[in-house]
Amino acid sequence: MIFCVEDDESIRDLMIYTLNSVGFESKGFSNSTLFWKELKNTSPKLIILDIMLPGEDGLSILKKLRSNAATQNIPVIMATAKGTEYDKVIGLDLGADDYLAKPFGMMEMVSRIKAVLRRTASKENEKILKAGELELNMSEHTVTANGCRLILTLKEYELLLKFMKNLGLVFTREQLLSSVWGADFVGETRTVDVHIGTLRTKLGDCGKYIKTVRGVGYRMEVK
C-alpha cells in the first residue's frame, strides 16, 4: 500500500490511478488529519508526501514519522512545488528518502518509488546481530567489538554466529562440533575448547560474554 498525501484533488487522483494501473495499491489523502487516522489502521510500504498542505505541512508530518518507532522506517518521498534547494535539503535532512519536484511526470514518480523500495528492501535484507558491544553483519560476514573490526577464522565466525543467534542457550561441545564442524567431523571435543579460547581472546572485553557451563558446554550471555 502506498499513501499519497496531496491536497490537489486532480493531481492526487492521477497519482492513485497511475499507481493502481502499474500494480500498486494506493490511497490518497487531502490533509494530515485523514492521513494520521488511516495510519493507525494501515502501515504503508511508502508515503508520497506533499510539502505544501493545508494545516499541518509535509515537513512537520515527516518529522513526526521519523520520531516514532512504529513509523520511522517507512520510506518517504517528498513532493514540492517550490523547486528550491532549501526545501529539498530540509526534507532530506529530516529523513526523506527522495523527492519529486512539481510538476513531475507520473512515470518519473513510479520510477522513483521503485528505486526507493529497492534501496529500502536491501537494507531490510541486511541482517545484523547485536549482543552488548558485539555486532555481527551476516550480509558482509564482518564482526566488530567495541567498534573495532575483528579478523576471525571461518570456524570462529561460525561459533560466534551460533551463539549470537541463540543468546542464553547452552550448547554441549558435541552439539557445537556437529553444528560448526559437521556431523561427519572426526576429532575430539577439545577442538571446541581451543577455538572458544582463541575466539574469546580476539573478542577482547566482549570475550566474557561466552560463559563456560561446567560439565555441560558453553553459552553466550550479555548482562
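Nothing here was measured: the structure is a model prediction, and the numbers come from that model. Atoms considered below: every heavy atom in the structure, side chains included; atoms not considered: hydrogens, waters and symmetry mates.
Annotation: side chain of Leu199 is in contact with side chain of Ile210 (closest heavy-atom distance under 4.5 Å). Side-chain atoms of Leu100 and Met78, non-hydrogen and from C-beta on, never get closer than 4.5 Å to each other. Leu161 places a side-chain heavy atom less than 4.5 Å from the side chain of Leu129. Put simply, the side chain of Leu203 reaches to within 4.5 Å of the side chain of Leu160, judged on heavy atoms. Put simply, the side chain of Ile128 does not reach to within 4.5 Å of the side chain of Leu136, judged on heavy atoms. In this structure the side chain of Pro44 never reaches within 4.5 angstrom of the side chain of Ile2, judged on heavy atoms. Between Ser32 and Val5 the shortest side-chain heavy-atom distance does not fall below 4.5 Å. Two residues are said to be in side-chain contact when any heavy atoms from C-beta on lie closer than 4.5 Å; Tyr99 and Leu49 fail this criterion.
A search for side-chain contact (heavy atoms from CB on, under 4.5 Å) contacts involving Ser111 returns nothing, not counting sequence neighbours. Thr33 meets the side chain to side chain donor-acceptor pair (under 3.5 Å) test with no other residue; sequence neighbours excluded. Asn166 meets the side-chain contact (heavy atoms from CB on, under 4.5 Å) test with Lys162, Leu169, Phe171; sequence neighbours excluded. Every residue two or more places apart in sequence or in another chain that forms a side-chain contact (heavy atoms from CB on, under 4.5 Å) with Arg149 is listed here: Thr142, Thr144. With sequence neighbours excluded, no residue forms a side chain to side chain donor-acceptor pair (under 3.5 Å) with Ser30. In this view, Glu156 and Thr153, Thr198, Lys202 satisfy the side chain to side chain donor-acceptor pair (under 3.5 Å) rule, not counting sequence neighbours. When the side-chain contact (heavy atoms from CB on, under 4.5 Å) test is applied to Val116, the partners found at least two apart in sequence or on another chain are Leu46, Pro75, Ile77, Asp97, Asp98, Arg119, Thr120.
Among Arg112, Met109, Glu6, Arg12, the single residue meeting the side chain to side chain contact (heavy atoms under 4.5 Å, CB included) criterion with Ile48 is Met109.
For the atom pair CD1 of Ile61 and CD1 of Ile51, the computed distance is 11.0 Å after rounding to the nearest 0.5 Å. Rounding to the nearest 0.5 angstrom, the gap separating the CG atom in Leu65 from the CG atom in Leu94 is 11.0 Å. From Cys4, atom SG reaches atom CD1 of Ile16 across 5.5 Å, with rounding to the nearest 0.5 Å. Separating the OG atom in Ser26 from the CG atom in Leu19 is a distance of 4.5 Å, to the nearest 0.5 Å.
Pairs of residues two or more places apart, or lying in two chains, that qualify as salt bridge (Lys or Arg N to Asp or Glu O under 4.0 Å) and include a residue from residues 17-33 are Lys27-Glu38. Within the structure, every pair that satisfies the ring pair (Phe, Tyr, Trp, His ring centres under 6.0 Å) test and touches residues 193-223, not counting sequence neighbours, is listed here: Trp181-His195. The salt bridge (Lys or Arg N to Asp or Glu O under 4.0 Å) contacts involving residues 43-57 comprise Asp50-Lys102, Glu56-Lys64, where partners must be two or more places apart or lie in separate chains. Among residues at least two apart or in separate chains, ring pair (Phe, Tyr, Trp, His ring centres under 6.0 Å) pairs with a member in residues 127-164 are His141-Tyr157. Listed by first and then second residue, the salt bridge (Lys or Arg N to Asp or Glu O under 4.0 Å) pairs involving residues 168-177 are Arg173-Asp193 (not counting sequence neighbours).
The closest donor-acceptor contact from the side chain of Arg66 to the backbone of Gly95 lies under 3.5 Å. No donor-acceptor pair under 3.5 Å is formed between the side chain of Asp205 and the backbone N or O of Lys208. Judged by distance alone, the side chain of Lys211 and the main-chain N or O of Glu221 form no donor-acceptor pair under 3.5 Å.
Under the 4.5 Å side-chain heavy-atom criterion for ILVMFWY residues, no single connected hydrophobic cluster contains both Ile47 and Tyr17.
Annotation for Ile151: atom CD1 does not count as buried by contact number, only 12 or fewer foreign heavy atoms lying within 6.0 Å.
Nearest heavy atom pair, residue Leu150 against residue Ala145, reads CD1-CB, 3.8 Å. Across all their heavy atoms, Val110 and Thr18 have their closest contact at CG2-CG2, 3.8 Å. Of all the heavy atoms in Leu39 and Phe3, the pair that sits closest is CD1-CE2, 4.0 Å.
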